[in-house]
Amino acid sequence: MSLLTRPRYFEEGGSADGWSTLQKDGREWERFYRERWQHDKVVRSTHGVNCTGSCSWKIHVKDGIVAWETQQTDYPTNGPDVPEYEPRGCPRGASFSWYIYSPIRVRYPYVRGVLLEMFREARVRHSGDPVEAWGSIVEDPEKARAYKSIRGKGGFVRASWDDVVDIVSAAHVYTVKKHGPDRIAGFSPIPAMSMVSHASGMRFLSLIGGVCLSFYDWYADLPPASPQIWGDQTDVPESADWWNASYIVIWGTNIPQTRTPDAHFMVEARYRGQKVVVVSPDYAGHTKFADHWLPAAAGTDGALAMAMAHVVFREFHVERTVPWFDEYVKRTTDLPFLVTLRERDGAYVADRFLRASDLGDTSENADWKTVLVDSATGETVVPNGSIGFRWGDEGAGKWNLSLEGVDPALTLLGRHDELVELDLARLDVGGASGEVLRRGVPAKRIGGRLVTTVFDLMAAQLGVRREGLPGSWPSGYDDADEPYTPAWQEPITGVDAGRVTRVAREFARNAERSQGRSMIMLGAGTNHWFHSDQIYRAILQLVTLCGCQGVNGGGWAHYVGQEKVRPISGWSTLAFALDWHRPPRQQATTPFWFLASDQYRYQRTRADVFSTPLAQGSLAGMHVADCNVLAARLGWMPSYPTFDRNPLDLAREASDAGVELPAYVVDRLQDGTLRFAAEDPDAPENFPRVLTLWRANLLGSSSKGHEYFLRHLLGVEDAAVRNVDAAPDERPNEVVWHEDAPTGKLDLFTTIDFRMNGSALYSDVVLPAATWYEKHDLSSTDLHPFVHSFNQAVPPPWEARTDFDIFGHVAERFSELAETHLGTRTDLVASPLLHDTPEELAQPFGEVRDWKRGECEAIPGKTMPKLVPVERDYAAIYRKWRSLGPLAEQLGSAAKGIALHPTVELDELRAANGEVDGRPSLARDVHWCEAILALSGVSNGRLAVEAFRSLEERTGTKLADIAEEHADVRITFGDTQVQPRKVIASPEWSGMESRDRRYSPFTINVERDVPFRTLTGRQSLYLEHAWMLEYGEGLPTYRPPLNVLGVVGTQLSGEQGRKELHVRWLSPHSKWSIHSEFQDNLHMLTLFRGGPVVWLSDVDAREIEIADNDWVEVFNRNGVVVARAVVSHRVPSGVGLMYHSQDRHVNVPLSEITETRGGTDNSVTRISMKPTHLIGGYAQLSYGFNYFGPCGTQRDEMVAVRKLQREVRY
Amino acid sequence: MQVRAQIAMVMNLDKCIGCHTCSVTCKNVWTNRRGTEYVWFNDVETKPGIGYPKQWEDQDRWKGGWELKGGKLRLKAGGRLRKLATLFFNPELPTLDDYYEPWTYDYETLTTAGVSKHQPVARPESQVTGRPLDLQWGPNWEDDLAGAPERARLDPNLKDGVEEHVRLEYEKAFMFYLPRICEHCLNPSCVASCPSGAMYKRAEDGIVLVDQEQCRSWRMCVSGCPYKKVYFNWSTGKAEKCTLCYPRIEAGQPTICSETCVGKIRYLGVVLYDADRVQEAASVEDEKDLLPAQLSLFLDPDDPDVREQARRDGIAEDWLDAASRSPVYALAVKHRVALPLHPEYRTLPMVWYVPPLSPVMSLVEGPGSEADPDDVFPAIEELRIPIEYLANLLTAGDPEPVRVSLRRLAAMRGWTRERNLGGEPDPALAAAVGMEPREIDAMFRLLAIAKYDERYVIPQTHGEIGVNPHSRQGACGLDFEGGPGSCGALEKTKDPFGAEPLAAGGGGAGSGSNVAFLDFRKAT
């Protein structure tokens, strides 16, 4: 054929169209792309990844291969004049299909060769008994070391499913028998991202008595401020509700980057006249949309918020009052409640709430009823709704927010007996413990006590002066010396004081005009800090003072890690096997790893470092590990392993002794012959022994103090820890100190995954998991109101299996082996005092009383954990795992203290699923999906209505109508396969929702007078537990980030001639991954720089001679990261941004400092626990799984940065 | 007047969140294969920045597009004779380094490594050579101003004094995202550059394609396209480019990049234009007149004369109805908020952009701000992104059309805010930007509520035209060589209404009207 087939080429301007159009026949070649596009079928599924997307996708299958995915666009409508949810998705999800056939896919079961060989050999030696074989390996120090010391160093061999299931099952049986079931733990986060996969493993663990590890607190995504203020874990608006906001402050969450499918609602709401203000230290994806940018220095957000609160309080509550705000705070917040004042040094300090019992009231729970003053009469009133009405017979019908005609006095000014000086702690100066600030409040003498109101305390705290009050006050907004003025915050945050004033005023004014439709979006940037609770409380007082919370389009919108399992009752029943045994073992994970990975040994500061000069000394001299021991002892926090003995053995001892088990345990604890395991975490009998990981990348992603995990938990010999033990005078008092820190505590570490990632690499056994396009499951989120499904587009390829099938297989083999090794045993479960149960009234007045010191009696369930014997038929585990047990209907399920009682649902499930041993079948994954949906109010209208009716009995108000329109709605799994289904309003959650109403939290509380689940029943600005007052954190305040370098000293290497710099280590959520997922995906790596990177400011980079894309080393005492530098002027000087979680398995070279592989972004972090998050047994400060507890924070850390000098080596 | 219909696109940069979902879904469907590893029919660039391939906007270097020489339009790269002279060495062809060397990793090492001193790691290696690769550049290397202090100055839009307004410093930072696909130009220089005649613009919908059977690897299209949106597949030796997902468009479905855009920034719709005046419009003297000239080509779909001529030119009735509802026509012509990308290339591009508002003002308010708390929005003169920068990108340097667009967006926000807070907006606000209240409301609906079927108004191809649909119905898909559906065999089947293929409107095969091009299924 000739080169130039078209003579037209030479016809200058020759055709009718001149240059513009070439015409063509013979277009049959166009089939080329048309046939590429053609596919055989489209299957609905989603990505079970730890993000809040919960996006429904179309999986395109062609020739039996998953070809690509695109988003579904068939969500139920939001109505004609609201933007829709379609399409939901992001580039990460869009890249998923790459994994399915990629070389990083785990296709077969793998075991480290050394271990497999030893196991096979031992099994033969022990006549085919895998349990004895396992014991012979782990009890032999040399054999144990042989496989533990090479963890993470390659050497995997392919194994048969039979062999790996034998190893895993035998290790479980052996550990239950030898050490106890509470030495077995499982970690799998975020059930909402695939409820059945999560539940299948947790159910197995719960049936055998194993430990289910929490994640929300561990990830530091739990905002402790939420339980503190509202008694609620977290409840937030769906993203379509952003459309209803007319003013949004985005504060610590990069919405386009981390809420990619939802961001358009914010962007579009701008076109509806919404103003957007962004507070962030860097110019980022969301700043692009900001009308104003407040570039507050990292970690100083609390100062900014306090100054805004100062303006709002002064202009909208003191100088002028706004009816909307006034009515709102009187009815729904604790501002009018009376607080006692304690005399100290010639002035007063705020103490605890005045109680009905202080006034001589002897009604039921009078210690738990708070008091206010009626402004009409000046008399004290004990209003309905406080926690004293929530439990007990007398409170029935009275747990509500109705003020019954009383107009609460917010201030005592004008009806005071005295104007007194009040001492407050200010924590912005004077080091960690702060200084004293003297201001004044109006006070009144009631019941022999001097009292004031929370409102008056807040005026004093915020520095809003009122006529006649003593003390030292700001002279105006421009007074930079007195906290908390706009001028005061300017040197701290770097934000212009005038700008802060303007935004505060606009925020409140907008709330006034719109009746509360001012919103604040929060996230990791403000929450991943050691003092996150204070940052959040400082910010959240704004939405409370402006009447925004519980209003559509208003209030907080916390967007980090809060994935909502909408059908929570059904899921929790299955996941924790509540249909067979109660209580399950649910552990707060941060203290668990703090001990298990021995990070407590490196803790240099004491708990009282944050006690203010006003403190009374109740934390004096305590190590954080001591606080944890106390929390275990008093029943505040769960603590597994619980005792220094196998709980099965304890039960047998009690039985042998003929003593009732709980009493036996109390006696042994009191005489000291039984100890809490938390008192000696490094004794071999207290090690966690078996850990199973699924749907998670603990090591490559969430392990704060990654290198400590490698060294102590796993026994990796060249782990990069460069830290040293705490000095003798820095060590715990109540924890046994072993001079030689243990290494390799775990006997078996199993990872179930489809990626060979940083956790899989260090595991003993790696099991090939089915991906999200290869199984059936359910998905939901906070961000949209739907529940929808995973479906199998293709069968699991090679030897992959679903999590469900894997746990089924393990449960079956476990049961077989248990028949001879375990049989039926009694277990003793020590369970903490739980929120949303009467146990939250266990320890009155927020006082700390320790039975061990004789300060009170040792009473299980009151002054110490509940001690519950549980009978376990270990040979029946598999049978129970695959059928719905009788407690489902006998006890029902509880959500937030409200019982849901399935009745007809049991028959429906029998009919739909068939039976196993006479019970509704759970033999297949789809059976679990059906059961979850049938047993939850959000997907079963009958249960929702019934639950509201049961709540009505307690509140005495009308509620069932909220769900009645949906009474006959039942969402089945089949429904979710057709289309995402909108859920039903249910008391499992706090918000109303319906066809034409977007979900917003606490709307039921605010509109229907249902109390918040707190001490006062109101939104709690004041927290008066003894430890909160020790820390000067009774009221929202500003606490700076931790002064790490001040404690540990310089982190620079000191090597001659090296240019190095300290920066604050920030790890925001990545644009190119969801945590570590997708981070190793070729598409994502191609789209941004192909491996781990650290962002530095151009100013800092210049100073230490780093150019864009240079290799750098980031290091401190905890470990070393090796990555490439991204230099940009959008980053402020003084910080290093490493978007987490950058695992260490792709493009990570060797470090020059350690001569071994560079680590993850968590290699330079370490667990720091805030002792006040261990508080328990006290109203909303009571434990709940993933609800309350210490957070694994990581933003306060400091690192050194330098350029790599030598040529890069891998 | 000769009326043609084109499926055109608008992207609202003010809504773009820079997520790159469009790039990934596009890549998975179209270029996820050997030979096209480095090819992104759709990419997203952070501005300011130099883009992909590097500095593609610098036509002094690449000589893409057209220029006016002696009042006549000619390819910037030179006439045909120069083309022939450079057939075997094209100095304006970007190298792989200008794009990037595609890579992967030796992932399998993670699973197969024996017991080693260090933890195994997957290292990058070239997808071209298979050798270890030191990564230095990629298709989105500059994401979110990465490396900008060293490189963003080289952004070709920082010229004509704009560079003096742009400080690459913290607190003065600004950025926006620019998603790019083929422009499917009215006056495509790639088509004109092809010595093989392998490229064409489909008359029925304006989609520009490279015939994979005719392409002879000359790559003149690659250099001739000023947007650098024609790529060379090194494995097949053919040029490939964005097809506007014609297999989907023909079925009335939006392109992959559009449907999967979670920022909901993309609009697809029909624009009618006068094909007789294309060359004239592309040939106006002053570059700043190119925008009005191109706008003057677009025909009002509600004008009865236009509709009548369109029918005569073979455009089906449902296409005319779609044109009336076209979101692209609304945003570009009615509301004047969408603008073309680099009109000075004279290709008359058909993917237009709504400029980003980026309203962050200066950071200092002064002590105790006295600003009226009810007056919350800044004026557009205070925008972070210099209007002149946007003008260099979208209007050949003329700031006025950019200003009109941004003012209208800002006025819409003020307008709706008043209503949002329970008030009635002042009609003077609309009048001040030259709009009627109902126009603001319509623009608001299109930009903000943006329902699926209002974002995408795509008429389907008339499959019955040019074939015997009755026989095709029974045999389609079986058209392999010698099979029962073989096209040759099909066309021999007698059509009950006559031997000639059916045609809507006037003209028949070969007459130059739209329907001639619908007969693409016919075998040669």
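In what follows, every chain begins at residue 1, and chains take the letters A, B, ... in the order their sequences are listed. Quick caveat, the model's predicted, so the values are computed rather than measured.
Contacts of B:Asn32 with chain A are made by side-chain atoms alone, with heavy-atom separations under 4.5 Å and no backbone atom involved. Heavy-atom distances place the backbone of B:Glu169, and not its side chain, under 4.5 Å from chain A. Contacts between B:Glu37 and chain A at a heavy-atom distance below 4.5 Å are absent for every atom of the residue. The contact between B:Tyr452 and chain A is made by backbone and side chain atoms together, counting heavy-atom distances below 4.5 Å. For a residue to count as touching a neighbouring chain, one of its non-hydrogen atoms must lie under 4.5 Å from one of that chain's; by this rule B:Tyr100 touches chain A with the side chain only. In this structure, chain A has a heavy atom under 4.5 Å from the backbone of B:Cys261, while its side chain stays farther away. Only the backbone of A:Val1131 comes within contact range of chain B, with heavy atoms under 4.5 Å apart. In this structure, the portions of A:Asn1147 lying under 4.5 Å from any heavy atom of chain B include both its backbone and its side chain. Neither the backbone nor the side chain of A:Phe507 comes within less than 4.5 Å of any heavy atom in chain B. There is no contact between B:Ile265 and chain A, counting heavy-atom distances below 4.5 Å. Both the backbone and the side chain of A:Arg1130 come within less than 4.5 Å of a heavy atom in chain B. Residue contact with chain A, scored on non-hydrogen atoms closer than 4.5 Å, is absent for B:Arg419. Of the atoms belonging to B:Trp415, not a single heavy atom falls under 4.5 Å from chain A.
Using a 4.0 Å cut-off between a side-chain N of Lys or Arg and a carboxylate O of Asp or Glu, A:Arg513 and B:Glu418 qualify as a salt bridge. The residues B:Glu250 and A:Arg34 are annotated as salt-bridged, a charged nitrogen and a carboxylate oxygen being separated by less than 4.0 angstrom. A salt bridge does not link B:Asp144 to A:Lys288: none of the charged nitrogens lies less than 4.0 Å from a carboxylate oxygen. We find that A:Asp718 and B:Lys117 are not joined by a salt bridge, their nearest charged nitrogen and carboxylate oxygen being 4.0 Å or further apart. A:Arg1124 has a carboxylate O that lies under 4.0 Å from a charged side-chain N of B:Asp134, or vice versa, which qualifies the two as a salt bridge.
Below 30°, between 30° and 60°, or above 60°: for B:Tyr246 and A:Trp29 the angle between ring planes is above 60°, a perpendicular geometry.
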Checklist entry - So B:Tyr170 and A:Trp293, ring-ring contact (aromatic ring centres under 6.0 Å, His included) or not? Walk me through it. => result CA-CA 12 Å; B:Tyr170 178 67; A:Trp293 173 31; 5.7 Å; yes
Next on the checklist: Before you tell me yes or no, could you show the steps for A:Asp1080 and B:Tyr105 under side chain to side chain donor-acceptor pair (under 3.5 Å), namely the whole-Å CA-CA distance, both residues' side-chain angles and the distance that decides it to 0.1 Å?
Outcome noted: CA-CA 9 Å; A:Asp1080 45 14; B:Tyr105 301 81; over 6 Å; no
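Residues B:Arg417 and A:Asn510 bring a donor and an acceptor atom of their side chains to less than 3.5 Å of each other. Checking B:Asn420 against A:Gln274 by side-chain atom types alone, no donor-acceptor pair falls below 3.5 Å. In this structure, a donor-acceptor pair under 3.5 Å is absent between the side chains of B:Asn140 and A:Arg1089. Side chain to side chain, B:Glu171 and A:Tyr283 fail the donor-acceptor criterion of an N or O pair below 3.5 Å.
A donor-acceptor contact shorter than 3.5 Å is absent between the side chain of B:Lys27 and the backbone of A:Ser95.
The aromatic ring centroids of A:Phe1088 and B:Trp137 lie 6.0 Å or more from each other.
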